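Small disclaimer: the values here were computed from a predicted structure and weren't measured.
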Amino acid sequence: MSSTKQSSLIEEMGVQSGGRGRWLALSVLVLAVLLVAVDATVLGLATPSLSEDLKPSGTQLLWIGDIYSFVIAGLLVSMGSLGDRIGRKKLLLVGATAFGALSVLNACATSPEMMIVARALLGVAGATLMPSTLALIRNIFHDPKERSLAIGIWGATASAGAAVGPVVGGALLQHFYWGSVFLINLPVMIVLVIVGIKLLPESKNPVAGPWDLVSVGLSLVGVIGVVYAVKEAATHGLTWEVAATAVLGAAALYAFVRRQFTLPSPLLDMRLFRHRGFSGAVLADLLTVFGLSGLVFFLSQFLQLVQGRDPLEAGLAELPAAIGAVVTGLVAGRYARRYSVRVVVTGGLAAIGLALGALTVLHKESGYPLLGAALLVVGLGAGFSFTVTADVILSSVPKEQAGSASAVSETAYELGAALGIALLGSIVTGVYQGFTAPEAVAGPAAEAAHESLGGAVEVAKGLDPATAGPMVEAAQVAFVDGLRYASGVGAAVLLATAIAAWFLLKGQELQEGVEH
């Protein structure tokens with residue numbers, strides 16, 4: 001039997017109501033999600049150790065944290081469209097192989113510059129994975145209720161990865177160097193590729209047309225240019241270089257949009273955004289992650305460098321958010337059909353906003369119940385919101401365009417993550433850098449202490465206790481002040497998004513009937 005006929009047979013088996021093929025295929029797809037999710041969360045946990053070893057500046061540390069998301073956001077639409085053209089299975093397996101190899105490069109980084117480049121390359125590989133997984137789900141599951149459950153499992157796995165990452169990473173950091181947190185990608189990648197070759201059905205758009213490289217370049221330059229400008233303006237103020245980068249990025253995005261309307265086979269069908277439900281779901285995706293990402297990125301530092309927890313304990317402390325997202329992600333589709341899409345999404349967004357608002361009273365000696373309860377509510381809200389909006393986005397397009405639609409959902413996710421780390425992270429950094437160091441700390445030592453909290457802790461090791469204690473205390477207080485301000489901004493953004501979603505998602509419903 002030819003490989004083409006075999007793939008077709010597997011796909012047919014996968015959509016039969018009694019067949020198990022589609023669920024076995026889903027188990028492979030969630031491995032890819034796990035791969036990306038674990039990588040994203042372990043970095044935050046490893047930041048203190050990484051800072052001590054590579055000694056990045058505050059700006060370099062932010063770049064290490066967000067360049068991965070910048071590159072993914074810039075390439076997702078292009079990669080989703082590429083998967084529609086060459087085959088989603090093929091793109092997924094090639095991307096998974098590259099992701100594993102580049103994880104080794106990240107683990108071997110010897111300087112902040114090398115780490116930034118390695119993270120950027122990892123972003124290129126990561127951009128091939130997420131759109132392929134959602135697009136394959138769209139093509140494998142023709143029953144809308146089964147697809148909702150599959151998307152819930154997909155989202156729950158991402159959340160489980162967020163839980164597994166810190167715990168496994170924390171255990172590794174107890175015994176090995178920080179690079180070990182990247183090497184855990186390898187066994188997952190190996191299983192994914194070997195099993196995926198046999199189980200995954202191939203699917204693509206038979207009339208997709210050529211891949212437009214000009215559009216690829218415009219989307220990459222546009223997204224990275226705009227996000228970089230926002231980040232730099234928030235950190236250093238509006239300079240002519242920042243303004244020029246913003247104009248370049250905005251011009252590239254404008255040209256990208258104009259070009260899509262003229263192409264017979266666009267990378268992204270811009271007419272999708274005329275659908276109010278589709279646009280509302282994309283906006284909710286982006287701003288949900290915006291509110292979460294900057295907070296989570298800095299929480300690991302708070303738990304370790306402010307409250308003195310070891311890496312494993314810090315990882316376990318962040319579990320409630322992932323547990324909450326897993327629980328609600330699995331039932332989100334059912335509740336959206338019972339109570340309506342806008343009720344579930346708006347409620348989820350509001351829950352996240354209120355939980356972030358509660359963190360504005362956080363201080364250095366705060367007990368864990370406050371933080372744990374807030375993280376649990378954040379997870380519950382994110383599970384409802386993100387799962388249902390992903391379902392809305394996928395259901396709004398023909399299955400032939402599943403890659404492009406999935407890429408829109410994932411672009412919103414990654415762009416939100418990049419903006420969250422850039423803007424909310426810049427608030428934390430800006431407030432932190434205003435702390436007053438003891439007079440005995442001057443010159444390069446003072447500069448290093450003001451770059452980041454990790455830098456202050458490192459500088460303190462070379463000072464006498466009478467000076468080190470007050471300096472670390474002042475740095476910790478300033479860091480927590482910045483975290484409170486960032487939480488307040490995140491809360492305001494999420495509550496405003498909840499109000500917008502209530503109107504944008506009016507009348508939006510999830511599909512009921514089986515597709516043919």
Side-chain angles (χ1 to χ4, degrees), residues 148 151-152 155-156 158-159 162 276-299 318 320-362 369-393 409 412-413 415-417 419-420 423-424 427 483-510:
S148 292
I151 292 172
S159 301
R276 179 166 47 83
F278 183 90
S279 298
V282 172
L283 177 67
D285 268 7
L286 190 152
L287 294 178
T288 296
V289 181
F290 171 90
L292 295 175
S293 57
L295 175 70
V296 171
F297 183 74
F298 284 94
L299 267 184
E318 294 179 18
I323 292 171
V326 168
V327 170
T328 53
L330 293 175
V331 300
R334 187 191 314 163
Y335 279 83
R337 287 182 171 85
R338 180 183 300 176
Y339 299 109
S340 84
V341 166
R342 76 169 181 171
V343 166
V344 172
V345 174
T346 300
L349 292 168
I352 300 170
L354 293 173
L356 293 179
L359 292 180
T360 57
V361 300
L362 194 71
L370 169 65
L371 183 59
L375 285 170
L376 178 61
V377 174
V378 163
L380 292 171
F384 276 129
S385 175
F386 188 69
T387 304
V388 173
T389 52
D391 202 339
V392 168
I393 291 169
S409 176
Y413 184 97
L415 190 57
L419 287 171
L423 290 179
L424 300 184
I427 292 172
L483 192 56
R484 287 206 307 267
Y485 281 115
S487 297
V489 171
V493 168
L494 265 296
L495 292 173
T497 306
I499 295 172
W502 179 260
F503 293 101
L504 289 173
L505 297 175
K506 181 180 180 181
Q508 184 67 45
E509 296 180 354
L510 298 184

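Looking only at side-chain heavy atoms (C-beta outward), Val377 and Leu354 stay at 4.5 Å or farther from each other. In this structure the side chain of Phe278 reaches within 4.5 angstrom of the side chain of Ile393, judged on heavy atoms. Thr387 is not listed as a side-chain neighbour of Thr328, based on a closest heavy-atom distance of 4.5 Å or more. Between Leu375 and Leu371 there is a side-chain heavy-atom pair separated by less than 4.5 Å.
Here the closest heavy-atom approach between residue Phe384 and residue Gly348 is recorded as CB-CA, 4.4 Å. Scanning both residues, Ala355 and Ala374, for their nearest heavy atoms gives CB-O, 3.5 Å. The two residues Gly490 and Leu356 have their closest heavy-atom pair at C-CD1, 3.7 Å. Of all the heavy atoms in Gly383 and Ala332, the pair that sits closest is O-CB, 4.0 Å. For the pair Pro320 and Gly372, the tightest heavy-atom approach, listed with the atom from each and the gap, is CB-O, 3.6 Å.
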When you look at Val345 and Val392, which way does the side-chain contact (heavy atoms from CB on, under 4.5 Å) test go after all the steps?
CA-CA 11 Å; Val345 174; Val392 168; over 6 Å; no
Side-chain donor-acceptor pairs of residues 491-507 under 3.5 Å, sequence neighbours excluded:
from   : atom 1 : to     : atom 2 : distance (Å)
Thr497 : OG1    : Val493 : O      : 2.7

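Every side chain to side chain contact (heavy atoms under 4.5 Å, CB included) that Ala336 has, sequence neighbours left out, goes to Val341, Val344, Val388, Leu510.
With Thr389 as the fixed residue, the side chain to side chain contact (heavy atoms under 4.5 Å, CB included) test singles out one of Ile151, Leu286, Asp285, Leu349: Asp285.
The number of heavy-atom neighbours closer than 6.0 Å to CZ of Arg484, taken from other residues, nucleotides and ligands shown, is above 12.
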